Amino acid sequence: MDNLETSIQFQNVSYQRNETIILNNVSGDIYKGKITALVGPSGAGKTTLLKLCNGLISPTNGDILVEHKHITDFEPTSLRRQVGIVLQNAPIIRGSVFENLALPLKLQKKNLSKDEATAMLTTVGLEDSFLNRDASDLSGGQKQKLAIARTLINRPKILLMDEITSALDPISTNEIEQLIVNIKEKYGVTIVWITHNIEQAKELGDFIWVMMKGQLIESGDHSIFSSTRNIKVQQFFEGKI
Ligand SMILES: Nc1ncnc2c1ncn2[C@@H]1O[C@H](COP(=O)(O)OP(=O)(O)OP(=O)(O)O)[C@@H](O)[C@H]1O
């Protein structure tokens, strides 16, 4: 087994809204430069866990360490630069592909060069002729590639992805999957990937986290697909719940 380094550490993390416990005492390590597939039934708390990682929300109890530093010690904009997030239907702003790519830097009062923009498009498999195209005219798959490229402009160490392929056709899904694996290998980015698709988790996840009812009930490498003794997890893997 590789020498694993931790990228995100959850230590007894709970999150509660009013009387509702949404996350209950989650502890575990997300490893650097690996893909962790986060799976579990609807409402299990997966998106909530992701939102905690880039400071969109804060835990009610427990600690989160990002790259060995307490998440509360980060300046919020610095945290969001280091921890990028891509959503199922990533918001695309009106304007050109270039304007979308330049947005993260514009927010920091910096400029994006054309060369950088072109290089980033190449990284996500879009030709440079896309730069001046109206972003709203792109296909769903191209919009997701643009959203990934835009997130990469900040050179994040961690990439959080919430169901990024669930609205796409199989060919675009496959392209995005390959793209994420390439990004992991090329830049050593840590990836936490929420998916409803167990086959996708099996194929791409170096590690698997299974959440149910706000708890992390199983985690580990691929062997958990065959070795888990938890009946509920077995049923979930078999698509029965
Ligand atoms: N701000 C909030 N206030 C109250 N309840 C919330 C809030 N945010 C999330 N929840 C509830 O917490 C639970 C977990 O939600 P979350 O979106 O994290 O689940 P999920 O596993 O990502 O689900 P899905 O797979 O359907 O996206 C759900 O029951 C949801 O309704």
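No experiment lies behind these values; they were computed from the predicted model shown. Side chains included, hydrogens not; waters and symmetry mates left out as well; all remaining heavy atoms used.
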Q: Please name all residues satisfying side chain to side chain donor-acceptor pair (under 3.5 Å) with Thr36, sequence neighbours left out, ordered by chain then number.
A: none
Q.
Taking ring pair (Phe, Tyr, Trp, His ring centres under 6.0 Å) as the definition, give me every residue that meets it alongside Phe10, ordered by chain and number, with sequence neighbours left out.
A. Trp209
(Q) Other residues, nucleotides and ligands only: do more than 12 of their heavy atoms fall within 6.0 Å of NZ on Lys114? (A) no
Q. If we ignore angles and hydrogens, is there a donor and acceptor under 3.5 Å between the side chains of Ser166 and Glu163?
A. yes
Q | Cluster overlap Leu49 with Val192, hydrophobic side-chain contacts below 4.5 Å | A | yes
Q | Asp169 CG to Ser139 OG distance, which is reported to the nearest 0.5 Å | A | 8.0 Å
Q | Nearest-0.5 Å distance, NZ of residue Lys240 to NZ of residue Lys232 | A | 12.5 Å
Q. Donor-acceptor pair, His222 side chain versus Gly205 backbone, under 3.5 Å?
A. yes
**Q.** Cluster overlap Phe130 with Leu179, hydrophobic side-chain contacts below 4.5 Å
**A.** yes
Q: Grab the two heavy atoms, one from Thr228 and one from Gln234, that are nearest each other, plus how far apart they are.
A: O-NE2, 2.8 Å
Q) When rounded to the nearest 0.5 angstrom, what distance separates CD1 in Ile35 from CD1 in Ile191? A) 4.5 Å
**Q.** Residues which pass side chain to side chain donor-acceptor pair (under 3.5 Å) with Asn61, listed by chain and number, not counting sequence neighbours
**A.** none
Q. Hydrophobic clusters join Ile, Leu, Val, Met, Phe, Trp and Tyr when side-chain heavy atoms are under 4.5 Å apart, directly or via other members; which others share one with Ile21?
A. none
Q: Taking ring pair (Phe, Tyr, Trp, His ring centres under 6.0 Å) as the test, write out the residues that go with Tyr31, two or more places apart.
A: Phe207
Q. Should Met211 and Leu23 count as side-chain neighbours, where that means a heavy-atom distance under 4.5 Å?
A. yes
Q: Might you work through the side-chain hydrogen bond (donor to acceptor under 3.5 Å, both in side chains) test for Ser136 and Asp134, ending with a clear yes or no?
A: CA-CA 5 Å; Ser136 59; Asp134 191 332; 2.9 Å; yes
Q) What's the spacing between Gln9 CD and Asp63 CG if we round to 0.5 Å? A) 10.0 Å
Q: Would you kindly say whether Gln200 and Thr165 are connected by a side-chain donor-acceptor distance under 3.5 Å?
A: yes
Q | Linked, directly or transitively: Ile164 and Leu160 (ILVMFWY side chains, under 4.5 Å) | A | no
Q | Asn12 versus Ser27, closest heavy-atom pair with distance | A | N-OG, 2.8 Å
**Q.** Any donor-acceptor pair under 3.5 Å from Gln144 side chain to Leu87 backbone
**A.** yes
Q | ring pair (Phe, Tyr, Trp, His ring centres under 6.0 Å) partners for Tyr187, two or more places apart | A | none
Q) Under a 4.5 Å side-chain heavy-atom rule over Ile, Leu, Val, Met, Phe, Trp and Tyr, are Ile85 and Val124 clustered together? A) no
**Q.** Closest approach of Ser113 to Glu116 (non-hydrogen atoms, all atoms of both residues)
**A.** OG-N, 3.0 Å
Q | Candidate list Glu67, Lys34, Lys32, test side chain to side chain donor-acceptor pair (under 3.5 Å), partner Ser7, passing option | A | Glu67
Q.
Are Val66 and Val189 connected into the same hydrophobic cluster when the rule is that any two of I, L, V, M, F, W, Y join if their side-chain heavy atoms are below 4.5 Å apart?
A. no
I'd like a table of donor-acceptor pairs (distance under 3.5 Å, sequence neighbours excluded) in which one partner is a side-chain atom from residues 146-155, with atom names and distances.
from, atom 1, to, atom 2, distance (Å)
Arg150, NH1, Pro91, O, 3.1
Arg150, NH1, Asn100, OD1, 3.0
Arg150, NH2, Pro91, O, 2.6
Thr151, OG1, Ala147, O, 2.9
Asn154, OD1, Gln108, NE2, 2.9

Q: Could you work out the complete set of other residues in the hydrophobic cluster of Val39, with links drawn between I, L, V, M, F, W and Y side chains under 4.5 Å apart?
A: Ile198, Ile208, Val210, Met212, Ile217, Ile224, Phe225, Val233, Phe236, Phe237, Ile241
Q. Between Pro59 and Leu52, what is the shortest heavy-atom contact and its length?
A. N-CD2, 3.4 Å
**Q.** Nearest heavy atoms of Asn89 and Ala167, plus distance in Å
**A.** OD1-CB, 4.1 Å
Q.
For Thr77 and Leu107: C-alpha separation, side-chain torsions, deciding distance, then whether side chain to side chain contact (heavy atoms under 4.5 Å, CB included) applies.
A. CA-CA 10 Å; Thr77 49; Leu107 294 173; over 6 Å; no
Q | Spacing of CE belonging to Met161 relative to CG belonging to Leu38, to within rounding of 0.5 Å | A | 11.0 Å
Q | Residues in ring pair (Phe, Tyr, Trp, His ring centres under 6.0 Å) contact with Trp193, at least two apart in sequence or another chain | A | none
**Q.** Distance in Å, Cys53 SG paired with Gln82 CD, rounded so as to fall on 0.5 Å steps
**A.** 13.0 Å
Q) Who passes side chain to side chain donor-acceptor pair (under 3.5 Å) against Glu99, sequence neighbours left out? A) Ser96
Q: Sorted by first residue and then second, give each side-chain hydrogen bond (donor to acceptor under 3.5 Å, both in side chains) pair with at least one member in residues 39-54; sequence neighbours left out.
A: Thr47-Asp162
Q.
Could you go through His68 and Thr6, starting from their C-alpha distance and side-chain angles, then the distance that decides it, and tell me whether this counts as side chain to side chain contact (heavy atoms under 4.5 Å, CB included)?
A. CA-CA 8 Å; His68 306 287; Thr6 55; 3.2 Å; yes
Q.
My understanding is that only one of Leu65, Asp29, Ile30 makes a side chain to side chain contact (heavy atoms under 4.5 Å, CB included) with Ile8; could you say which?
A. Ile30
Q.
Exactly one of Leu138, Val97, Leu168 should register a side chain to side chain contact (heavy atoms under 4.5 Å, CB included) with Lys143. Which one does?
A. Leu138
Q | Distance-minimising heavy-atom pair for Leu131 and Ala117 | A | CD2-CB, 3.8 Å
Q: Give the intermediate values and the outcome of side chain to side chain contact (heavy atoms under 4.5 Å, CB included) for residues Lys145 and Ile176.
A: CA-CA 7 Å; Lys145 288 179 185 172; Ile176 298 276; 3.7 Å; yes
Q: May I ask you to check whether Ser223 and Asp221 show a side-chain donor-acceptor distance below 3.5 Å?
A: yes
Q) With sequence neighbours left out, what residues match Thr173 under side chain to side chain donor-acceptor pair (under 3.5 Å)? A) none
